[in-house]
Amino acid sequence: MPRVICVAEKNSIAKAVAGILSGGRSSRRDSPSKYIKNYDFTFDFPFSGPSNVTMTSVAGHLTGLDLDQAHGWGKCPIPQVFDAPIVDIRTKDQEKMASNIKRECRNADFLMIWTDCDREGEYIGWEIVQTAVQANRALRENVFRASFSHLESRHIAQAARNPNRLDQRAVDAVRTRMEVDLRSGVAFTRFLTELLGSKIERDSGSKPNQRPIISYGTCQFPTLGFVVDRFERIRKFVPEKFWYLVLSISIGSDKTTFQWERGHLFDRLAVAVIYETCIESSRNMAKVAYVKSKPTSKYRPYPLTTVELQKNCSRYFKMSAKVSLEAAEKLYQKGYISYPRTETDSYPQAMDLRALVQQQTSESRWGTYAQNQLSGMGPNQFQWPRAGKNDDKAHPPIHPIISAGAGLDNENEKKVYEYVTRHFLACCSEDAKGHSTTMTLQWGPEFFSANGIVVLEKNFLEVYPYMKWDSTKQLPNLNVGQDVELSSYLMKDGQTSPPNQMTESELILLMDANGIGTDATIAEHIEKIQQRDYIKKKKMNKQTYLIPTTLGVSLVHGFEAIGLEDSFAKPFLRRQMEVDLKMICDGNKNRAEVVNDLISKYQDYYGLTSSRKNKLIETYTDIKSVM
DNA sequence: GCAAGGTC
């Protein structure tokens, strides 16, 4: 029988796919790498007929990128970094993975790539092909690619029966990204470190003998930029005074306050004139202009993505993005939750979500809730989750797989498991239902309104305590057209207040919205710029904020002073690269063209930065004296 | 000693 080698991006996928295609009858062998197992079975592929199959995997990338030896740090003038030769290298772990691929492929007839169906997965697929061909040249003509977006059995079987080819454009796009990140990162990191490394004073807590690295990275700088931006907005904030009108009526001991529909105005005289007009025409009497009453809902959350998990664990449990992702990874390795790195916020139709809810019925804290959801009785029955707009075509939303019961002893893992599970049950619930009433008074020519909410059914909120929705005080029972006596009518003043310093949860949101980093790397970038001493965590009244250091502020302003056309500290450059990568994927540009464009841009920027490097030093000295 | 992206 022909021999077919299948290679997935990680062992969990290899294991699951082998289980499905073999009908549960595969046999497992160890590999030279402790992360990787080989699964043997037989299967009838359309390209090979009945075959002996080995399903194996890598663990992420199989190769890395670096400059060649002659262009190491200090061995060449920095500008050569922009056109030095690039070599593929492997770490020890990658060497072990590669030797497994080579050994399995030596006597194979076909190779089928089962990496994740995203851009990075396509590139890893290409790395696997390169490695396989080193051991068996004949394989080159017999490479197929499985297209799948989740691990439901029928879907996987269909992927096996409908092989595709690797998408070379996606491979080219990733290679472009790697090359640009490497050359720009290395060049500016060496430059900045040599320029400023000996001049900056490091804050206490850093190792004194270690020369600091002042790095540039296409993701590090925009991340820093967000933090500095907020810091400056607060520093430069000038409060502005405003004035507004507010009414209240009292019926018995019940007081209701009505807010001015104009909000507030920044002109004291204008507000005073309106105020007097109202008093002259209506004194202390107002009329009920209208009462609007309508059913209202509080929507259950969307299915859980990595970014949402990190944001909410930061907000609700004060866990850093890195710590929450690590806890989620542990839970995934132990089989409690699904793969934690996903951008997908809708569930594939074929998934058996009821079975997953069923798993939770034995839990002490939310078991009864889950039972009621599946009981067929009562108001809050199982609902298919809302569908968001994002799909990474590789992983479903994060969800619990089995009940953890008392099986967890790590505090962070407990918290993250509970959050993931409550979020999942909330997704499969009814929206909360309520009734909202808005009453509007007319006083003179002006309108004022008050809002009241009655929560009728909490539904998902019963299992999701993180979100609050409470009934407010009931509005008085008044009819449209009725005259009412005001218990007070006041002109008040206030002033605008600055925003708060950046929280990690806000920073994650900004990075995600601007395409800085990915679900898997956002936490690392935030961590990295702390290591580099660009920002620091600071606790202020129970909140942890991210504050830039002198060095962080200086880098952002220093590059502003140099005046690059696209600021390093803004997300624009990175976004532009994404646009170019998309064009490579769509066949509208080729790799060489994009690499050339971007690298020559960075070369220009390097020239400019280098000729105005004094501005970087001056900026640092200036800022140090004022911060 | 440098990047960002996978994964463990």
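Chain identifiers are assigned alphabetically (A, B, ...) following the order of the sequence lines, protein sequences preceding nucleic acid strands; residue numbering begins at 1 within each chain.
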Base, sugar-phosphate or nothing for [X]? Non-hydrogen atoms, less than 4.0 Å.
{"X": "A:Gly517", "answer": "sugar-phosphate"}
{"X": "A:Thr193", "answer": "base"}
{"X": "A:Asp116", "answer": "sugar-phosphate"}
{"X": "A:Glu9", "answer": "sugar-phosphate"}
{"X": "A:Tyr216", "answer": "sugar-phosphate"}
{"X": "A:Arg183", "answer": "nothing"}
{"X": "A:Leu65", "answer": "base"}
{"X": "A:Tyr332", "answer": "sugar-phosphate"}
{"X": "A:Gly185", "answer": "sugar-phosphate"}

For [X], is the [atom1] atom crowded, meaning more than 12 foreign heavy atoms sit under 6.0 Å from it?
{"X": "A:Lys96", "atom1": "NZ", "value": "no"}
{"X": "A:Lys601", "atom1": "NZ", "value": "yes"}
{"X": "A:Lys393", "atom1": "NZ", "value": "no"}

Check every atom of [options] against the side chain of [X] and return the nucleotide holding the closest atom.
{"X": "A:His395", "options": "B:dA4, B:dC2, B:dT7", "value": "B:dT7"}
{"X": "A:Arg177", "options": "B:dG6, B:dG1, B:dA4", "value": "B:dA4"}
{"X": "A:Ser215", "options": "B:dC8, B:dA3, B:dG5", "value": "B:dA3"}

Item checked: A:Leu111, A:Asn100, A:Val129 screened by side-chain contact (heavy atoms from CB on, under 4.5 Å) with A:Val7, the one that passes -> A:Leu111
[X] side-chain N/O to [N] phosphate OP1/OP2 under 4.0 Å:
{"X": "A:Thr521", "N": "B:dG5", "answer": "yes"}
{"X": "A:Arg532", "N": "B:dA3", "answer": "yes"}
{"X": "A:Arg175", "N": "B:dG5", "answer": "no"}

Notebook entry, point to check: Would you say A:Trp73 stacks on B:dG1, if stacking means ring centres under 5.5 Å apart and planes within less than 30 degrees?
Noted result: yes
Note to self: In whole Å, I'd like the distance from the CD1 atom of A:Ile214 to the C1' atom of B:dC2.
What the structure shows: 12 Å
